[in-house]
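Here is how names work: the chains are called A, B, and so on, in the same order as the sequence lines, proteins then strands, and each is numbered from 1. Side-chain atoms are counted along with the backbone in the values below, which use heavy atoms only and exclude waters and symmetry mates.
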Amino acid sequence: MILYGSHYIYYQNLWKWCSKKTRGVITIMRMSQLFSRTLRPTGKDETASAEFLVRAGFIRQLAAGIYSYLPIAQRSINKIENIIREEMDRIGGQEITMPVVHPADTWKETNRYFEIDKELTKFNDRWGRDMVLAMTHEEIATTLIKSEIISYKQLPQTIYQIQTKWRDDARPRAGLIRVREFTMKDSYSAAANWEQLDKQYEEHFHAYFKMFNRCGLPVITVQSDLGMMGGKMAHEFMYLTSMGEDSLVTCDCGYTANSEVAVFKKEFLASQDEVELKEIETPGTESIEDLSKFLGVNSTDTVKAVFYIGTFQKGEDEFEKLVIAQIRGDLQVNETKIQNAIKAKALRPAAVEEIEGVGCVAGYGSAIGIKNAVVVADDSIQKNRNYIVGANKVNYHLTGARLGRDFTPDFITDIANAVEGAICSCCGKQLIFSRGVEVGNIFKLGTKYSESVGAVFNDIDGKEKPVIMGSYGIGVGRLLASIVEEHHDENGIIWPMSVSPYQVHLINLSKNTEKAEELYTSFIDEGIEVLFDDRTKERAGVKFKDADLFGIPLRIIVGDKSLETEEVEFKTRCGKINTTLKLEGITKFLKEKIDLMLHEEVLSVTGKL
RNA sequence: CGGGAUGUGGCCCAGCGGCUAGGGCACCUGGUUUGGGACCAGGGGAUCGCAGGUUCGAAUCCUGCCAUCCCGACCA
């Protein structure tokens, strides 16, 4: 039914439009008609995925961290999304779509409206109401759960969507790896008890591995920071690559963690008798290295102070306060751990004036005698030892300082940063440091959101309880880029069959287009996804270069020479096969090859894990 | 938010006080070529990021702003 002016036109022979051949002609792609174009090398130093996706005409940048996906990319994206859908549906997920623009109210209820800084974009609608752009959907999913779930009999439930998110990231980079606007698969689970949540979490854990495997991407899981999500437990799915921006540790014993939360074994020393606090002159010893050299002591006998300004939230008010982090001299502090320990909204290094403002002296600082500051100490500082600490006086330190007696931190916990050479706390071996891209994550949220939104249900005992939730994300564009990072050579992309925009790249080099056209239609009729390079004005070299760039796994070349013997050339993009095929039975051969590749890919990626 | 760099036809870059802003790629026309990014001839296409200022004269120098990229901070 088409509307022209005010008249409806009904097609009499609608069935014709749905016939197999016609449908095929509609879904085709001929290179001569492709919307995008390929670009020459730029010579810019870019990550492989960014360079090839742009050059091959998959994506175009609109602004920093904001991209359009062109037709060929969209085909890959659709395949990735469908793999995600299949695996989500398999664990009982139900697909929904939630809005991208939210009234700020719910975000105020959970306090994230105030807690999250500039990354959350806030604006007003025409009535002046506070609105936000969705950076994630916990608030809205919880609101939906609140409205739909009233009884334990309805639980457990998992809903998911594949939706646009906006995060005003301070530093977008590396093409699609780190962007501001992106598509994300996010699921939210609702459970009546913790056992149900554990099961949902585990199901997601396995489903994620399946999805990444099917997309041809090897990943590992690491224990991760809870960050702005809050909650109880979290894992990140990491694709290991040197261009990754996340730093993580692994160990042969199986321990893995994002280095933000990585724990390691700290050396504990023999106890010492209590001595008096004594001030000593230590000129020009602003660093631990200078200090221990000057005094001829080990750096483990010192305690350093690192100063930050923490932003804290109290109700709707926020305030800043100096934070003094104390840690044994040989160790480094980890800002994420500090921020989590003291429950600060934000943390930044303090300026000298701010340090002096509470009576501390940078280079000779400690928490001893300081009132107006939040003090957090690392658990490497032993109660039964004497330490050399700053005297808050230029060129002076204190000896014999004891934890508990001389300084009494507000928090004592692990705030140490795992660095190269750190020892695994599980098995005692050296931790291995790597870099990776976070392609997915899973969180046990617990009742954080259900409590603030009021998503409650009646349990079997008749009592009203908050729903126990989980949240699980996968960055679709980042996944696409990671796949390219993993599968490319110097000439372009080498798609895994499962996510390749097309299965077969049919290249015609013959002036007589008849044979190629014939093949093309027969491929379409057999359901083979084919990209047809039917361009007559391009030379062979251009077509080959473009084909390499596109990275479609199978290639059929129609040329005059092989046609003489009723043959065409067959080549795989990975370079393993380069041969000729009889025209007879070629579609059957290709279909079998495609199926085989889909099967083998999953096996080979699984083998890497 | 700190540090650095760059903005010149669609893309990559040259020009860095002197008059009509230049090349390569891409595009259009014609011809020759035709298996790994062809060649010849002709042609179209630019508010030189924006706004001020200095100057007889500004793409070029100065100031401010904006944008993009890289490093760091930040980030599910």
Side-chain angles (χ1 to χ4, degrees), chain A residues 36-47 50-51 54-55 57 60-66 112 116-120 134-138 165 167-175 177-180 182 184-187 222-231 233-238 243 245-247 258 260-261 308-309 311 335-336 339 345-349 351 437-445 470-475 478 491-492 507-511 533 535-549 555 557-563 568-569 571 578:
Chain A
S36 57
R37 65 197 184 100
T38 54
L39 306 173
R40 298 296 165 90
T42 57
K44 277 187 187 164
D45 183 29
E46 284 178 305
T47 46
E51 182 188 338
V54 169
R55 272 185 54 199
R60 294 288 181 250
Q61 187 182 40
L62 178 64
I66 306 178
R112 287 210 284 187
I116 300 169
D117 212 21
K118 287 178 183 160
E119 209 181 334
L120 175 65
M135 60 187 292
T136 174
H137 284 78
E138 277 75 20
K165 305 278 186 284
R167 292 183 191 179
D168 200 355
D169 196 300
R171 189 153 115 72
R173 57 177 213 89
I177 299 288
R178 190 167 151 178
V179 289
R180 296 196 290 171
F182 57 100
M184 182 174 182
K185 186 290 298 178
D186 46 328
S187 39
V222 301
Q223 188 187 317
S224 75
D225 180 39
L226 299 166
M228 70 170 183
M229 306 294 299
M233 184 198 249
H235 281 92
E236 287 170 347
F237 286 74
M238 290 284 186
M243 51 75 49
E245 52 162 12
D246 266 304
S247 168
N258 191 307
E260 287 176 344
V261 296
Y308 292 98
I309 296 293
T311 309
E335 292 185 17
T336 308
Q339 195 176 335
K345 177 178 167 181
L347 201 65
R348 64 170 170 86
V437 174
E438 181 192 346
V439 286
N441 57 35
I442 53 179
F443 283 89
K444 284 188 186 175
L445 295 176
S471 122
Y472 319 82
I474 290 180
R478 184 179 271 194
N491 296 316
I507 300 176
N508 181 40
L509 298 180
S510 173
K511 250 178 256 163
D533 196 340
R535 294 174 296 180
T536 48
K537 53 183 187 287
E538 294 299 351
R539 320 181 56 159
V542 174
K543 294 182 179 182
F544 290 140
K545 287 285 182 193
D546 279 350
D548 287 345
L549 203 51
R555 189 178 302 176
I557 303 156
V558 181
D560 289 325
K561 257 176 271 169
S562 54
L563 277 182
V568 290
E569 283 160 74
K571 221 176 151 179
N578 189 0

- Find which nucleotide of RNA chain B each of A/Leu62 and A/Asp169 is nearest to by heavy atoms, and output the residue with the more 5' nucleotide. A/Leu62
- Given Watson-Crick or G-U pairs with both distances under 3.5 Å, what dot-bracket string fits RNA chain B, with | for other-strand pairs and [ ] for crossing? ((((((((.[[[[.)..(...]]]].((((((.....)))))).....[[[[[..)....]]]]])))))))....
- Determine whether A/Val54 and A/Arg60 make a side-chain contact, defined as any pair of heavy atoms from C-beta on separated by less than 4.5 Å. yes
- Message: Checking contacts here: which listed nucleotide (B/C75, B/C1, B/U68) is nearest the side-chain heavy atoms of A/Arg178?
- Response: B/C75
- A/Asp168: side chain to side chain contact (heavy atoms under 4.5 Å, CB included) partners, not counting sequence neighbours: A/Thr121, A/Trp166, A/Arg180
- Do A/Asp548 and A/Arg555 come within less than 4.5 Å of each other through their side chains, counting heavy atoms only? yes
- A/Val179 vs A/Pro172 side-chain heavy atoms within contact, under 4.5 Å: no
- Query: Checking all strands, does A/Ala50 fall into the base, sugar-phosphate, or nothing category for heavy-atom contacts under 4.0 angstrom?
  - Reply: nothing
- Message: Between A/Lys118 and B/C1, is there a contact of a side-chain N or O with OP1 or OP2 at under 4.0 Å?
- Response: yes
- Do nucleotides 35-46 of chain B as a string where each nucleotide becomes B, S or -: B if the base has a protein heavy atom under 4.0 Å, S if just the sugar-phosphate does, - if no protein is that close. BBBB--------
- Message: Go nucleotide by nucleotide along RNA chain B from the 5' end; which of A/Ala170 and A/Arg173 gets its closest nucleotide reached first?
- Response: A/Arg173
- Message: Rounding to an integer number of Å, can you tell me how far A/Asn441 CG sits from B/C75 P?
- Response: 15 Å
- Item | Partners meeting side chain to side chain contact (heavy atoms under 4.5 Å, CB included) with A/Ser36 (sequence neighbours left out) | A/Leu34, A/Leu70, A/Ile72
- Message: Tell me every residue that passes side-chain hydrogen bond (donor to acceptor under 3.5 Å, both in side chains) with A/Asn441, counting only those two or more places apart in sequence or in another chain.
- Response: A/Glu438
- side chain to side chain contact (heavy atoms under 4.5 Å, CB included) partners for A/Arg171, two or more places apart: A/Asp169, A/Arg173, A/Arg178
- Message: Taking the side chain as everything from C-beta on, heavy atoms only, tell me whether A/Asp546 gets closer than 4.5 Å to A/Arg535.
- Response: yes
- Query: Whole Å only: how far is the CD atom of A/Glu51 from the P atom of B/C69?
  - Reply: 16 Å
